[in-house]
Amino acid sequence: MEHLHQFIHNNAIITSAIILIIAYIFIAWEKISKVVIALLGGSLTLFLGLLETEKTPSTIAHYFTSYIDFNVVFLLVSMMIIVHIASKSGMFTWLANEILKKTKGKPKLMLAALAIFTAVASAFLDNVTTVILVIPITFAACKLLDINPIPFLITEVFCSNIGGTATLIGDPPNIIIGSAANLSFMDFVRELTGVVLVIMVVVIALMVFIYRKELKSSAEKMELVSQIDNSSTITDMGLAIRAGVVLLLVILGFITHDITHIPTFLIAMMGASVLMIFEKPAEILVEVEWNTIFFFVGLFIIIGGLEASGGIALMAKWLLDVTQGSQAATSMIILWASGILSGIIDNIPYTATMAPMIGAIEDSMGHVYAHPLWWSLALGACLGGNMTIIGAAANVIVSENAHKAGYPISFLKFLKYGIIVTIISLSISTVYVYFRFLVK
């Protein structure tokens with residue numbers, strides 16, 4: 001055993017890189033649960049001694065919990081609790097139905113309205129929760145109009161990933177980036193909301209044009225949508241008021257972070273704790289996506305092994321050598337590589353690997369040099385999820401629900417539009433990053 005540990009110590013970079021690459025392959029393969037892969041990889045990292053498992057003054061720098069970003073973990077858990085409790089009241093469904101009624105049942109307007117609702121909701125809730133809320137509303141409205149729901153579902157998926165790009169809490173990659181780069185909620189709003197709005201408008205207009213022949217219905221059926229009965233959608237008014245107030249206060253806390261300097265995870269945790277006073281904690285905690293949480297924990301340990309061994313610093317040096325230190329070239333490589341790879345593999349492990357690498361670049365080249373790299377990573381990792389049906393969790397959820405309802409969305413059908421949307425999104429992002437951050 002001692003010889004094994006000595007061998008691992010001498011070849012730590014190679015060993016940790018092999019563990020990470022194998023984990024990536026199995027995560028992409030999807031035959032074994034990704035949380036199991038992450039935890040197995042994390043366990044192997046600790047077993048081989050790539051990170052320390054005993055906390056002493058001499059080992060604390062490489063102690064494994066030092067590499068688990070608990071800001072990310074607590075922010076995710078807290079927001080999951082808040083959103084689940086708020087969803088129980090029916091408040092989000094009520095809001096979506098009201099928006100539908102305003103469209104008067106006109107299919108093109110309805111597609112745009114549901115897409116905008118999905119994008120805005122995804123900026124403040126998580127993508128998966130948003131699409132779970134909007135799918136049944138979409139099916140019900142399309143049934144009334146007697147039209148194919150697939151154009152609506154595909155557009156909603158695109159907009160869920162686009163909208164989630166705009167804020168710190170909209171997409172897990174942003175939470176990782178925000179914590180690693182010490183970026184606030186308002187930093188994301190200031191730097192990304194504008195370009196996200198442009199991308200959203202272009203994508204919605206494109207989808208309306210592509211599906212223009214299918215977005216037609218009779219006046220009688222459109223009238224049915226405009227008269228949707230929304231009177232009993234909110235099932236618990238007291239809960240809706242409580243959850244609405246807490247959610248608004250939490251978002252206000254995020255917005256004022258630059259003034260108060262209260263960590264975002266703590267603001268979310270306080271909001272979740274207040275709402276839990278009126279609930280049965282055991283029933284609420286069951287609904288937390290613990291698979292996602294432990295997936296993050298396992299990933300942080302695997303990537304921590306690579307970071308502790310010096311592998312991340314080596315990757316950063318390699319990238320700077322390839323680009324010869326050019327800030328513009330480095331930014332564009334990160335943007336486009338992130339966009340393409342996030343369409344093929346899960347964007348969470350990709351971002352969790354890239355964040356410490358950009359952190360290492362920041363350590364060697366300075367904050368000013370690294371600043372556009374963080375935004376390139378955020379735009380690429382989040383927007384790239386639109387390329388394939390497996391590019392983001394929201395895509396998979398919509399695909400599965402559509403299949404169950406008798407409207408299958410094939411991998412190639414989604415890819416046909418996903419590639420176009422991703423290229424357009426990354427192209428707009430390229431122009432934005434260049435003129436916003438790189439032109440002196």
How about [atom1] on [X], more than 12 heavy atoms from neighbouring residues, nucleotides or ligands closer than 6.0 Å, or not?
X	atom1	answer
Met270	CE	no
Ile14	CD1	no
Lys106	NZ	no
Phe139	CZ	yes

Considering only heavy atoms from C-beta outward, does the side chain of [X] approach that of [Y] to under 4.5 Å?
X	Y	result
Val35	Ile293	no
Lys108	Lys216	no
Thr422	Leu383	no
Ile312	Met315	yes
Ile19	Leu50	yes
Phe158	Phe414	yes
Lys34	Thr292	no
Ser226	Lys101	no

For the [atom1] atom of [X] and the [atom2] atom of [Y], what is their distance to the nearest 0.5 Å?
X	Y	atom1	atom2	value
Ile358	Leu377	CD1	CG	4.5 Å
Glu156	Ser122	CD	OG	10.0 Å
Met207	Phe152	CE	CZ	11.0 Å
Ile162	Ser425	CD1	OG	4.5 Å
Leu125	Ile132	CG	CD1	11.5 Å
Ile303	Met354	CD1	CE	11.5 Å

Please determine whether side-chain hydrogen bond (donor to acceptor under 3.5 Å, both in side chains) holds for the pair Thr130 and Ser160, giving the CA-CA distance in whole Å, both sets of side-chain angles, and the decisive distance to 0.1 Å.
CA-CA 7 Å; Thr130 302; Ser160 74; over 6 Å; no
Is there a donor in the side chain of [X] and an acceptor in the side chain of [Y], or the other way round, less than 3.5 Å apart?
X	Y	value
Thr353	Tyr24	yes
Thr233	Asn230	yes
Trp375	Ser331	no
Asp69	Ser179	yes
Thr323	Thr330	yes

Measure the acute angle between the ring planes of Trp290 and Phe294, then classify it against the limits of 30° and 60° as parallel, tilted or perpendicular.
tilted
Geometric class of the Tyr432/Phe437 ring pair [parallel <30°, tilted 30-60°, perpendicular >60°]:
perpendicular
How far apart are the closest heavy atoms of [X] and [Y], and which atoms are they?
X	Y	result
Cys159	Ile204	SG-CG1, 3.8 Å
Asn127	Gly164	OD1-CA, 4.0 Å
Tyr434	Met332	N-CE, 4.2 Å
Gly253	Ile267	O-CD1, 3.2 Å
Val250	Ala268	CG1-CA, 4.3 Å
Gln327	Leu373	O-CD2, 4.3 Å

Identify, with sequence neighbours excluded, every residue that meets salt bridge (Lys or Arg N to Asp or Glu O under 4.0 Å) alongside Asp258.
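Once residues adjacent in sequence are excluded, the partners of Asp258 under the salt bridge (Lys or Arg N to Asp or Glu O under 4.0 Å) criterion are Arg190.
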[X] side chain to [Y] main-chain N or O, any donor-acceptor pair under 3.5 Å?
X	Y	answer
Asn174	Gly170	no
Thr388	Gly343	yes
Thr256	Ile259	no
Ser342	Ser338	yes
Ser427	Ile423	yes
His257	Ile262	yes
Ser78	Leu75	no

Starting from the C-alpha separation in whole Å, work towards a yes-or-no answer on side-chain contact (heavy atoms from CB on, under 4.5 Å) for Ile424 and Ile199.
CA-CA 8 Å; Ile424 289 172; Ile199 294 169; 5.9 Å; no
Consider side-chain hydrogen bond (donor to acceptor under 3.5 Å, both in side chains). Of Thr118, Asn386, Asp171, which one does Asn161 pass it with?
Asn386
Decide if the gap between the ring center of Tyr417 and the ring center of Tyr211 is smaller than 6.0 angstrom.
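Yes, ring centres under 6.0 Å apart.
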Is it true that Phe295 and Phe300 have ring centroids separated by less than 6.0 Å?
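Here the rings of Phe300 and Phe295 have centres that are no less than 6.0 Å from each other.
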Would you please test Thr430 and Trp336 for side-chain hydrogen bond (donor to acceptor under 3.5 Å, both in side chains) and show each step?
CA-CA 9 Å; Thr430 298; Trp336 282 88; 2.8 Å; yes
Under the side-chain contact (heavy atoms from CB on, under 4.5 Å) rule, what do Leu379 and Leu192 come out as? Steps first, then yes or no, please.
CA-CA 8 Å; Leu379 287 164; Leu192 297 186; 3.9 Å; yes
Any carboxylate oxygen within less than 4.0 angstrom of a Lys/Arg side-chain nitrogen, looking at Glu223 and Lys104?
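Here Glu223 does not pair with Lys104 in a salt bridge, since their nearest N and O are not under 4.0 Å apart.
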Could you go step by step and tell me if Leu100 and Met110 meet the side-chain contact (heavy atoms from CB on, under 4.5 Å) rule?
CA-CA 6 Å; Leu100 276 181; Met110 198 170 86; 3.2 Å; yes
Please collect all salt bridge (charged side-chain N to carboxylate O under 4.0 Å, His left out) contacts where either partner lies in residues 415-436, sequence neighbours excluded, each pair once.
Glu191-Arg436
Would Lys413 and Ile150 count as a side-chain contact (heavy atoms from CB on, under 4.5 Å) here? Give the steps.
CA-CA 10 Å; Lys413 184 181 183 70; Ile150 287 179; 3.8 Å; yes
With Ile18, the side-chain contact (heavy atoms from CB on, under 4.5 Å) member among Thr15, Ile22, Ile21:
Ile22
